[in-house]
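Below: the structure, in structure tokens.
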Amino acid sequence: MKRIIVSIVSFAFAFLMTNCQEESKTFGSISTPSNLNVTAEIIGKSVPLLPDGDGSGNVKFSATADNAISYKYDFGDGSDILNVPSGINTHRFKKPGTNTYTVTISASGKGGVSITTTLNVTVYFNFTDDEALGFLTGGTHKDWYWSASEVGHLGEGINNTDITQNYWANEYQSVVFNPNTTCLYDDVLTFTKQGSNLQFQLNNNGTSLVNREYLSLVGLTNTHQYNDTCASFSLPAATGTKNVTFSPSESLVTSDKKRGTVMTLSDGGFMGFYTGTSTYEIMSITENRMVVRSTQEAFTPDGASHASAWYFIFTTIKPIQVPDQDYTQLAFSDEFNIDGAPDPTKWSLETGAGGWGNSEKQYYSTSSNNVIVQNGSLKITAKRESVGGADFTSARLKSENKFAFTYGKVEVSAKLPTGGGTWPAIWMLGKNYPTQTWPACGEIDMMEMVGNNPDKVFASLHYPNHSGGSSVTNTTTVSGASTGFHLYKVVWTPSYIKFYVDNVIYHSFVNQSSLPFNGDFFLILNVAMGGNFGGSIDPAFNQSTMEIDYVRVYQ
């Protein structure tokens with residue numbers, strides 16, 4: 001292989017020192033690099049057959065300079081590397097064909113003094129994957145869709161280490177036709193073969209799902225740090241035909257878990273879910289199913305950066321909305337029409353304090369001051385009063401050992417309490433919890449609200465690896481949740497669990513036979529105070545009531 005050697009007569013940028021003695025205390029001795037020399041070895045170069053390399057696009061750079069402690073490369077193709085102490089780095093240029101790049105190299109010395117030079121390299125890159133091209137286009141063109149029926153068709157993993165042990169490990173339970181992500185299932189991704197070239201076009205019907213970290217790019221405010229949002233796009237990335245280039249994979253995924261081909265879409269193109277990237281690694285592909293992976297620099301709620309990897313599953317079969325199971329036979333109901341204590345044939349009252357596993361502050365009692373049926377509704381009242389070592393009292397009703405069921409439609413009409421620290425809940429717990437310790441028994445939260453964030457209602461599911469703060473959750477705003485009755489509903493089937501307020505869906509979950517949501521559950525109604533979720537209690541809080549007009553279960 002022939003080497004191209006470029007010798008540079010270096011020059012030093014002026015370095016201003018207002019107090020040399022103080023600078024010496026800060027930086028130690030200041031040294032200016034000199035005699036910066038750079039060589040560029042184009043891998044596979046052979047004259048005259050391969051004057052610009054073997055098509056791999058790889059170029060090995062070696063930089064040396066006197067008094068240099070590190071080197072920086074800007075490769076002129078939109079990528080750089082900021083700290084190369086050895087001065088040696090191999091870079092792959094991925095633009096198809098033969099292209100010339102201006103590479104900028106800087107040598108840094110002690111005290112931040114640096115010298116810089118440039119070097120032009122001409123490199124040939126040619127990478128093809130005829131099998132992937134055939135699968136993507138069927139020889140002409142082919143439409144692809146999100147594989148909505150598969151669990152994990154949109155999943156997240158990590159990408160900041162060798163992920164041999166972590167590949168897909170952090171994949172979250174994806175939803176089917178969740179109203180916040182429904183726009184995904186309108187997407188049509190078309191790949192077209194034009195001669196030897198590959199083109200891509202996204203038909204998103206004007207709306208695409210945007211990762212929460214990138215909402216500002218489409219003019220939206222991130223109002224909830226955990227919610228990705230369907231948004232209208234005016235960015236060129238969402239429209240027009242994009243050219244697609246292939247390149248070999250350089251990801252951290254081990255070779256036995258990756259196919260080895262990366263697709264790059266021109267002009268910021270993306271595959272339906274906007275995460276700020278146009279590069280997708282093909283993990284697997286057949287005639288009718290494709291799994292791709294993209295990487296993203298994401299941020300945790302505390303602002304810490306972490307490398308994230310997204311996994312998408314596509315199919316050539318257009319997704320079809322599955323209609324709700326029609327549960328119409330009334331299996332259980334309480335209309336709360338008889339004044340007095342709750343019906344003992346339908347409900348039992350739990351008592352005690354101790355935090356209830358969530359550091360809660362109330363004592364659950366059987367007193368009519370805390371729980372009573374009156375004027376056609378059940379009233380559960382949380383009060384500031386000291387009982388049983390707790391500073392507050394309230395009530396908790398359950399249908400355990402009186403009524404439990406598997407699958408059905410649950411409707412509860414309720415008016416929620418007010419006040420900082422209140423935590424009303426309408427929920428269900430797996431009947432087998434004595435032997436299958438929570439969260440293995442499963443928990444379905446139809447409705448939760450915290451008084452510190454009024455009118456924001458949560459629907460959540462807890463099960464192994466998704467308990468506590470890792471539950472599968474979504475929220476909606478219920479205007480006047482504490483001033484009027486609203487209908488909270490869940491439709492629970494072997495295939496999905498869907499949550500509604502006033503018959504409007506806002507959360508959906510894919511059920512599977514391996515999950516705990518396929519056995520008997522019983523109902524629970526309660527108002528907690530404070531705790532891990534309820535938060536701080538308003539010092540002025542005295543009492544407040546959750547009223548329930550009716551509870552109905554259909555099967």
Side-chain angles (χ1 to χ4, degrees), residues 1-13 31-47 50-127 159-163 245-255 258 260-262 264 277-279 281 294-297 305 307 309:
M1 300 180 189
K2 184 177 180 181
R3 292 176 180 243
I4 299 175
I5 302 177
V6 180
S7 298
I8 308 297
V9 178
S10 60
F11 60 93
F13 289 106
S31 58
T32 302
S34 60
N35 299 321
L36 175 58
N37 292 281
V38 183
T39 65
E41 178 184 333
I42 301 175
I43 304 303
K45 180 180 179 69
S46 131
V47 179
L50 298 172
D52 301 308
D54 59 7
S56 68
N58 284 320
V59 179
K60 181 180 179 180
F61 294 93
S62 299
T64 62
D66 296 336
N67 299 319
I69 60 174
S70 186
Y71 301 84
K72 172 185 174 181
Y73 285 90
D74 183 333
F75 297 105
D77 62 353
S79 61
D80 57 24
I81 184 168
L82 301 180
N83 184 23
V84 186
S86 69
I88 300 173
N89 181 262
T90 298
H91 180 71
R92 187 192 301 273
F93 294 90
K94 300 177 183 178
K95 186 176 180 180
T98 301
N99 298 279
T100 300
Y101 304 88
T102 299
V103 182
T104 303
I105 307 98
S106 299
S108 298
K110 292 182 179 181
V113 182
S114 65
I115 57 175
T116 300
T117 188
T118 60
L119 171 67
N120 290 333
V121 293
T122 300
V123 187
Y124 171 59
F125 177 73
N126 180 34
F127 180 86
N159 189 47
N160 56 359
T161 60
D162 180 350
I163 59 176
T245 56
F246 288 140
S247 60
S249 171
E250 298 175 344
S251 74
L252 297 172
V253 183
T254 53
S255 59
K258 67 182 179 183
T261 297
V262 171
T264 300
T277 184
S278 298
T279 301
E281 181 176 2
S294 68
T295 58
Q296 168 196 9
E297 188 72 10
S305 174

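All of these numbers come straight from a predicted model, not from anything done at the bench.
With Asp54 contributing its side chain and Leu50 its backbone, the two residues share no donor-acceptor pair below 3.5 Å. Remark: side-chain polar atoms of Asn37 are paired, donor with acceptor, to backbone N or O of Asn35 under 3.5 angstrom.
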Before you tell me yes or no, could you show the steps for Phe125 and Phe93 under side-chain contact (heavy atoms from CB on, under 4.5 Å), namely the whole-Å CA-CA distance, both residues' side-chain angles and the distance that decides it to 0.1 Å? CA-CA 7 Å; Phe125 177 73; Phe93 294 90; 5.8 Å; no
Could you go step by step and tell me if Thr90 and Lys60 meet the side-chain contact (heavy atoms from CB on, under 4.5 Å) rule? CA-CA 4 Å; Thr90 298; Lys60 181 180 179 180; 3.6 Å; yes
Derivation and outcome, side-chain contact (heavy atoms from CB on, under 4.5 Å), residues Ser114 and Lys72: CA-CA 10 Å; Ser114 65; Lys72 172 185 174 181; over 6 Å; no
Mind running side-chain contact (heavy atoms from CB on, under 4.5 Å) on Asn67 and Thr32 for me, showing each step along the way? CA-CA 6 Å; Asn67 299 319; Thr32 302; over 6 Å; no
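The distance from atom NZ of Lys110 to atom CD1 of Ile69, rounded to the nearest 0.5 Å, is 7.5 Å. The line from CD1 of Ile115 to CD1 of Ile105 is 11.0 Å long, rounded to the nearest 0.5 Å. For the atom pair Ser108 OG and Leu82 CG, the distance stands at 10.0 Å (nearest 0.5 Å). The structure places NE2 of His91 at 13.0 Å from CD1 of Ile43, a figure rounded to the nearest 0.5 Å.
Closest approach of Asn58 to Arg92, counting heavy atoms only: OD1-CB, 3.2 Å. The minimum heavy-atom distance between Asp74 and Ser79, with the atom names listed, is OD1-O, 3.7 Å. In terms of heavy atoms, Gly53 sits closest to Tyr124 at O-CD2, 3.9 Å. What you find for Val84 and Ser70 is that their closest heavy atoms are N-OG, 3.5 Å. The heavy-atom pair separating Thr277 from Ser294 by the smallest distance is CG2-CB, 3.7 Å. Between Gly109 and Pro33, the shortest heavy-atom contact is N-CG, 3.5 Å.
In this structure the side chain of Lys94 never reaches within 4.5 angstrom of the side chain of Phe127, judged on heavy atoms. In this structure the side chain of Phe61 reaches within 4.5 angstrom of the side chain of Val121, judged on heavy atoms.
No side-chain N or O of Asn120 forms a donor-acceptor pair with one of Thr100 less than 3.5 Å apart. Checking Thr122 against Asp52 by side-chain atom types alone, no donor-acceptor pair falls below 3.5 Å. Residues Ser106 and Thr116 have side chains that bring a donor and an acceptor to within less than 3.5 angstrom of each other.
A side chain to side chain contact (heavy atoms under 4.5 Å, CB included) with Val59 is found for one member of Val103, Val123, Leu119 and no other, namely Val123.
Ring geometry for Phe75 against Tyr73 counts as parallel: the plane angle stays under 30°, on a 0 to 90° scale with 60° as the upper cut.
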